[in-house]
Amino acid sequence: MNKLTLLFFSALLIPLCGLANPKKPGGEGSTRSETIDAFSLPMTNISAQDRKDFFVGKSFFRQNWIELPASVKSLEGLGPTFIARSCVACHDRDGRGRPPEVGEEFRSLLFRISKPGEGPHGGPNPVENYGDQIQNFGISNVPAEAKPQIKWIESHGTFDDGTPYTLVKPEITFKELAFGELPKDVMISPRVAQAMYGLGLLEAISDKDILANVDSNDSDQDGIKGKANYVWNQRAEKMTIGRFGWKANQPTLLQQTAGAFLGDMGINTSIFSAVNCPSVQIACLNAPKKKTAEMSDKDLNRVTKYTQLLSVPERRIVADEIEIRGQRLVQDLACIKCHVPHFRTADFFPIKELRGQEIFPYTDLLLHDMGEGLADNRQDFRASGREWRTAPLWGIGLIKKVNKHTRFLHDGRARNLEEAILWHGGEAEVAKNKYKGLSADDRNKLITYLESL
Ligand code: HEC
Ligand code: HEC
């Protein structure tokens with residue numbers, strides 16, 4: 001690049017930086033709150049009807065389901081096997097889950113399991129006797145599938161300035177397996193519940209804009225590829241781009257919601273109508289069931305709307321010095337090659353208020369090889385055992401406030417934001433090494449900046 005083009009780009013950067021750091025990362029519907037409810041508010045710009053649906057959806061999201069037969073018909077349907085009794089039990093205050101403390105029961109960390117090879121529609125291949133997710137609980141007279149156990153393995157490293165650090169990684173085993181040992185080649189993917197805000201805006205980004213960042217052959221030779229997941233879309237009856245879940249393994253919020261109702265709570269809908277009982281699980285198969293879907297389409301749509309309309313909190317203001325240095329660092333360390341700051345949502349989307357919004361999620365919604373350290377070695381549609389969807393960074397600094405913890409990454413292994421960066425590898429190896437090379441002052445500034453997004 002010659003001096004003139006450099007000058008031209010620096011001139012461009014000034015307005016771009018202004019755009020890259022607005023007060024309202026979630027567009028017009030962003031809300032101003034730094035309280036414990038910061039993730040639970042509806043977008044400010046929605047219609048009265050949408051607001052009504054939001055609050056009905058919210059009540060379903062928060063209610064505890066109970067097993068059949070129950071005196072309140074609208075609450076029955078839990079199980080026969082399940083992991084939690086409500087959505088909010090895992091998505092605590094619409095925020096994120098975490099691994100259990102020593103001696104605590106598992107709740108917001110669940111286990112997807114499968115065997116090598118492809119299952120229905122090219123998705124994960126379920127494990128005989130258990131299916132594709134471990135069910136930690138059963139209703140009366142129905143056995144739980146297994147009790148997960150977690151052990152933490154420590155590893156050590158040093159920053160370039162000589163400061164040491166320690167990381168921890170979970171080792172998972174299962175006790176009390178009710179239907180025999182898991183096969184030797186079983187693949188296990190521990191995943192914590194993700195935060196719920198801003199998801200409708202991510203759904204409203206056009207396929208075209210997501211695909212614009214794909215670089216499968218690394219044609220610009222920066223070591224960063226980015227690949228879209230394509231997953232089975234139950235309503236469209238074809239493969240469509242995956243956007244939700246840690247591996248972009250769900251295409252829409254409707255399907256993710258219906259999948260959670262069945263997979264995590266045992267509640268069936270018109271989208272996933274089968275009972276969640278592998279054929280050896282006789283007590284599960286014989287448990288009382290409703291003749292019709294346990295949740296109606298109308299109510300499923302309202303819960304989906306709830307997940308679409310939770311607003312993104314406004315940014316927290318930081319000192320100019322941190323703002324300027326933080327912006328520079330996320331650029332110089334190439335964080336924003338994956339954590340893409342800005343999108344404009346599509347002009348066509350069923351919910352009017354989500355259209356044409358300037359949003360700053362800091363994700364490309366694409367899959368990246370994150371190296372051996374983060375690998376779960378379990379493929380999920382096109383995502384390999386080393387690939388994960390770039391996690392959005394908006395609102396991440398408020399997790400501490402809302403969820404009273406700072407556990408990050410897909411299995412919650414990182415105990416703070418810095419550890420999350422130190423686990424980056426594969427396509428992000430260079431970015432991580434650059435971070436390790438920063439001065440303590442710059443490391444602090446970058447973290448404070450991330451917390452303000
Ligand atoms: C047992 C814990 C648990 C329960 C209960 C649960 N979830 Fe989740 N949720 C998760 C986990 C774990 C993920 C990530 C899944 C993955 O990567 O495959 C997730 C992901 C999601 C996502 C996608 C978020 C994103 O950023 O991509 C949505 C939406 C969601 N859940 C909605 C719901 C709804 C609605 C309910 C209730 C019907 C629910 N969940 C119940 C654990 C849970
Ligand atoms: C090659 C793409 C890539 C680059 C470059 C990259 N990241 Fe990430 N980042 C990811 C992916 C993918 C995840 C999710 C990994 C997981 O959960 O296992 C992630 C997760 C994170 C998380 C945790 C988020 C959460 O919700 O738990 C933070 C914080 C983060 N990145 C910050 C950074 C910073 C800061 C940089 C630059 C120093 C950076 N990343 C560079 C792809 C990237």
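Computed over heavy atoms, backbone and side chain alike; hydrogens, waters and symmetry mates excluded.
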Distance in Å, Ser216 OG paired with Leu366 CG, rounded so as to fall on 0.5 Å steps: 9.0 Å
Sort out for me which residue in Val303, Thr269, Asn233, Ile271 forms a side-chain contact (heavy atoms from CB on, under 4.5 Å) with Leu254. Ile271
Does the side chain to side chain donor-acceptor pair (under 3.5 Å) test come out yes or no for Tyr306 and Asn301, once each step is laid out? CA-CA 9 Å; Tyr306 177 69; Asn301 287 334; over 6 Å; no
Side chain to side chain contact (heavy atoms under 4.5 Å, CB included) between Lys151 and Glu171, worked out: CA-CA 5 Å; Lys151 210 171 96 184; Glu171 192 181 86; 3.7 Å; yes
Spell out, as yes or no, whether a donor-acceptor pair under 3.5 Å connects the side chain of Thr257 to the backbone of Thr304. no
Could you please spell out the steps behind the side chain to side chain contact (heavy atoms under 4.5 Å, CB included) verdict for Leu110 and Ile134? CA-CA 7 Å; Leu110 59 78; Ile134 290 288; over 6 Å; no
Without hydrogens or angle criteria, can the side chains of Ser86 and Gln63 be said to hold a donor-acceptor pair below 3.5 Å? no
Ser114 and Arg378 side chains, donor-acceptor separation under 3.5 Å: yes
Among Asn249, Asp207, Thr363, find the one that has a side-chain hydrogen bond (donor to acceptor under 3.5 Å, both in side chains) with Arg243. Asp207
Looking at the rings of Tyr165 and Phe159, which for Trp means the six-membered one, are their centres under 6.0 Å apart? yes
Under a 4.0 Å threshold between the charged nitrogen and the carboxylate oxygen, would Arg191 count as salt-bridged to Asp411? no
Mind checking the CD-NZ spacing from Glu387 to Lys225? Nearest 0.5 Å is all I need. 8.5 Å
Can you check whether Cys277 reaches Pro80 side chain to side chain, under 4.5 Å on heavy atoms? yes
Between Gln250 and Gln255: side-chain donor-acceptor atoms closer than 3.5 Å: yes
Please step through side chain to side chain contact (heavy atoms under 4.5 Å, CB included) for the pair Ser155 and Lys169, ending with a clear verdict. CA-CA 8 Å; Ser155 61; Lys169 181 179 181 163; over 6 Å; no
Under a 4.5 Å cut-off applied to non-hydrogen side-chain atoms, are Val142 and Thr81 in contact? yes
Within the 4.5 Å heavy-atom criterion, are Ile396 and Tyr362 side-chain neighbours or not? no
Please say whether more than 12 non-hydrogen atoms of neighbouring residues, nucleotides or ligands are located less than 6.0 Å from CZ in Arg107. no
Taking Asp376 as the fixed residue, which of Arg112, Arg386, Lys247 is the one that meets the salt bridge (Lys or Arg N to Asp or Glu O under 4.0 Å) rule? Lys247
Heavy-atom neighbours of Asp218 CG exceed 12 at 6.0 Å: yes
Quick check: do Pro99 and Arg407 have side-chain heavy atoms less than 4.5 Å from each other? yes
Partner of Lys115 under side-chain contact (heavy atoms from CB on, under 4.5 Å), chosen from Val186, Val127, Leu182: Val127
Heavy-atom nearest pair, Phe179 first then Pro143, reads CZ-CG, 3.9 Å
Can you tell me how far apart NE2 (His368) and SG (Cys338) are? Round to the nearest 0.5 Å. 3.5 Å
Please examine the side chains of Tyr230 and Phe381, heavy atoms only from C-beta on, and report whether any two atoms are closer than 4.5 Å. no
Does either side chain, that of Ser452 or that of Arg316, offer a donor lying less than 3.5 Å from an acceptor on the other one? no
Phe137 ring centre to Lys147 NZ or CZ under 6.0 Å, with the angle to the axis within 45°? yes
Please determine whether side chain to side chain donor-acceptor pair (under 3.5 Å) holds for the pair Thr31 and Ser311, giving the CA-CA distance in whole Å, both sets of side-chain angles, and the decisive distance to 0.1 Å. CA-CA 6 Å; Thr31 39; Ser311 93; 2.5 Å; yes
Could Glu451 and Lys400 be called an ion pair, given the rule that one side-chain N must be under 4.0 Å from one carboxylate O? yes
Less than 4.5 Å apart, side chain to side chain, heavy atoms only: is that true for Leu78 and Phe82? yes
For the CD1 atom of Ile83 and the CG atom of Asp264, what is their distance to the nearest 0.5 Å? 5.0 Å
Do NZ/NE/NH1/NH2 and the carboxylate oxygens of Lys290 and Glu294 come within less than 4.0 Å? no
Should we count CZ of Arg413 as having more than 12 external heavy atoms under 6.0 Å? yes
Measure centre to centre between the rings of Phe106 and Phe111, then say whether the value is under 6.0 Å. yes
Would you kindly check if the NZ (Lys) or CZ (Arg) of Arg302 is within the cone defined by 45 degrees around the ring axis of Phe54 and under 6.0 Å from the six-membered ring centre? no
Residue pair His342, Glu358: steps toward the side chain to side chain donor-acceptor pair (under 3.5 Å) verdict: CA-CA 7 Å; His342 169 250; Glu358 305 291 345; 2.6 Å; yes
Looking only at the aromatic ring of each residue, does the gap between the centers of Trp388 and His410 stay below 6.0 angstrom? yes
Exam field: side chain Asn229 to backbone Arg382, donor-acceptor pair closer than 3.5 Å: yes
Looking only at atom types and distance, does a side-chain atom of Asp215 sit under 3.5 Å from a main-chain N or O of Gly226, one as donor and one as acceptor? no
Does Glu104 come within less than 4.0 Å of Arg98, counting only side-chain N to carboxylate O? yes
Apply side chain to side chain donor-acceptor pair (under 3.5 Å) to Glu145 and Gln281, showing your working. CA-CA 9 Å; Glu145 290 183 336; Gln281 300 194 15; 2.7 Å; yes
We want to know whether Glu418 and Tyr435 form a side-chain donor-acceptor pair, criterion being a heavy-atom distance below 3.5 angstrom. yes
Within a reach of under 6.0 Å around NZ of Lys175, are more than 12 heavy atoms found that belong to other residues, nucleotides or ligands? no
Are Leu199 and Phe244 packed together at the side-chain level, in the sense that at least one heavy-atom pair is separated by less than 4.5 angstrom? yes
Under the 3.5 angstrom rule, does the side chain of Gln357 hit a backbone N or O of Glu28 as a donor-acceptor pair? yes
For the backbone of Ala431 and the side chain of Lys436, can you confirm whether one donor and one acceptor N or O come within less than 3.5 Å of each other? no
Out of curiosity, His339 NE2 to Trp394 CH2, how far, rounded to the nearest 0.5 Å? 14.0 Å
Does Arg389 count as lying over the ring of Trp246, i.e. NZ or CZ under 6.0 Å from the six-ring centre, within 45 degrees of the axis? no
Does Glu419 offer a backbone N or O that forms a donor-acceptor pair with the side chain of Asn416 under 3.5 Å? yes
If we count only N and O atoms by modelled type, under 3.5 Å, do the side chains of Asp297 and Ser270 hold a donor and an acceptor together? yes
Quick one: pull up CZ in Phe343 and OG in Ser206 and give me the separation to the nearest 0.5 Å. 8.5 Å
Quick one, Tyr449 and Leu329 - any side-chain contact, counting heavy atoms below 4.5 Å? no
Assess the residue pair Leu41 and Leu310 against the criterion (side chain to side chain contact (heavy atoms under 4.5 Å, CB included)); give the C-alpha distance rounded to whole Å, side-chain angles, the decisive distance to 0.1 Å, and a yes or no. CA-CA 6 Å; Leu41 305 170; Leu310 280 162; over 6 Å; no
